[in-house]
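One structure is given here, and the rest of the page talks about it.
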Amino acid sequence: RFIGEHPEYLAKHSLREWITGNGGGYNGCHFWSNFEIVDLSFYRSAEYQAYFDYLDRAGGFFYERWGDAPVHSIAAALFLNATQVHYFDDFGYFHPQVSTCPGGSKQRGRCVCDSDLSIVQNGFCSVRYRNIKHQILHPDSPTAAHSGPVNHVKPFVDST
């Protein structure tokens, strides 16, 4: 709804498709890493401030416990061009019910996890992100960015 009211804030080569479902609403995709490198001018920008104020007025921070990961991910996907967003998928990460173990990391002695069980690395949102970014950056490429297995468990979005 925010972009509907402020289409001027949408980046020309945004990752909007990554975070939206068939109906155009938020699909629950966001970065799970607790690791961000951000130029603070992004959070101070007119578009981010307007977006944050919009979300704050909606009451979701207080009533729904909206967290920083989806808020930051949605903002990056909408207001930045695909070339300005980098997902650090080579970092191991664990959070109850969500984990990522970069491929080959166990063999390199950097992780003691099974990358085949990584819900993030091969999850719906990560694969979607890589494929959409690849399409934006390489529009004439006939191949997808991800060709391995995909965990088809859709993210949970509470619509209440």
Side-chain angles (χ1 to χ4, degrees), residues 1-102 105 110-111 113 115 117-134 136-137 145-146 150-160:
R1 289 184 286 228
F2 175 79
I3 287 300
E5 294 178 24
H6 298 281
E8 71 275 13
Y9 290 146
L10 185 64
K12 182 177 181 180
H13 300 289
S14 77
L15 292 164
R16 180 181 188 175
E17 188 179 341
W18 170 56
I19 59 162
T20 57
N22 291 337
Y26 179 53
N27 65 8
C29 289
H30 61 278
F31 297 119
W32 288 82
S33 70
N34 287 2
F35 177 79
E36 295 179 8
I37 298 175
V38 180
D39 181 339
L40 291 178
S41 65
F42 175 66
Y43 291 143
R44 296 176 184 131
S45 68
E47 55 267 32
Y48 187 86
Q49 290 296 307
Y51 163 71
F52 188 89
D53 290 343
Y54 180 91
L55 294 178
D56 191 31
R57 282 190 309 275
F61 293 120
F62 184 75
Y63 294 108
E64 304 294 334
R65 290 191 65 227
W66 290 342
D68 61 316
V71 171
H72 293 170
S73 298
I74 292 168
L78 296 175
F79 310 139
L80 297 174
N81 286 308
T83 57
Q84 296 173 287
V85 179
H86 177 77
Y87 173 53
F88 291 91
D89 61 355
D90 53 347
F91 282 66
Y93 174 76
F94 175 80
H95 189 276
Q97 300 177 346
V98 177
S99 66
T100 184
C101 184
S105 59
R110 296 186 179 197
C111 251
C113 58
S115 59
L117 301 177
S118 174
I119 194 167
V120 174
Q121 200 74 5
N122 298 319
F124 169 80
C125 292
S126 296
V127 171
R128 183 176 177 86
Y129 167 79
R130 288 192 297 271
N131 285 336
I132 288 170
K133 185 168 181 176
H134 182 76
I136 292 169
L137 299 179
H146 180 81
V150 177
N151 176 346
H152 289 286
V153 176
K154 298 259 182 165
F156 172 76
V157 179
D158 186 2
S159 60
T160 59

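- Of all non-hydrogen atoms in Val71 and Gly67, the two that sit nearest each other are CG2-O, 3.2 Å.
- The shortest non-hydrogen separation linking Ala46 to Tyr9 is O-OH, 4.1 Å.
- When all heavy atoms of Leu10 and Arg16 are compared, the closest pair comes out as CD2-NH1, 3.6 Å.
- For Tyr43, the side-chain hydrogen bond (donor to acceptor under 3.5 Å, both in side chains) partners two or more places apart in sequence, or in a different chain, are Glu36, His72.
- Distance check, rounded to the nearest 0.5 Å: NE2 of His6 to OH of Tyr54 gives 8.0 Å.
- Closest of all the heavy-atom pairs between Ala82 and Leu15 is CB-CD2, 3.9 Å.
- A distance of 8.0 Å separates CG in Leu80 from OG in Ser45, rounded to the nearest 0.5 Å.
- In this structure, Tyr26 has its ring center no closer than 6.0 Å to that of Phe2.
- Aromatic pair Tyr51/Phe79: centroids less than 6.0 angstrom apart.
- The line from CZ of Phe42 to CD of Gln84 is 8.5 Å long, rounded to the nearest 0.5 Å.
- Residues Tyr129 and Val85 approach most closely at OH-O, 3.3 Å, considering heavy atoms.
- Smallest separation of non-hydrogen atoms from Pro70 and His30: CA-CB, 3.7 Å.
- Taking CD1 of Ile132 as the reference point, atom CD1 of Ile19 lies at 10.0 Å (rounded to 0.5 Å).
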For this session: Decide yes or no on side chain to side chain contact (heavy atoms under 4.5 Å, CB included) for Trp18 and Cys125, but give the supporting numbers first.
Result: CA-CA 7 Å; Trp18 170 56; Cys125 292; 4.2 Å; yes
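- A donor-acceptor pair shorter than 3.5 Å cannot be found between the side chains of Asn81 and Thr83.
- Taking CZ of Phe61 as the reference point, atom CG of Leu55 lies at 4.5 Å (rounded to 0.5 Å).
- The CG atom of Asp68 lies 13.5 Å from the CZ atom of Phe31; values are rounded to the nearest 0.5 Å.
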For this session: For the pair Ile136 and Glu17, evaluate side chain to side chain contact (heavy atoms under 4.5 Å, CB included) and give the outcome as yes or no after the intermediate values.
Result: CA-CA 10 Å; Ile136 292 169; Glu17 188 179 341; over 6 Å; no
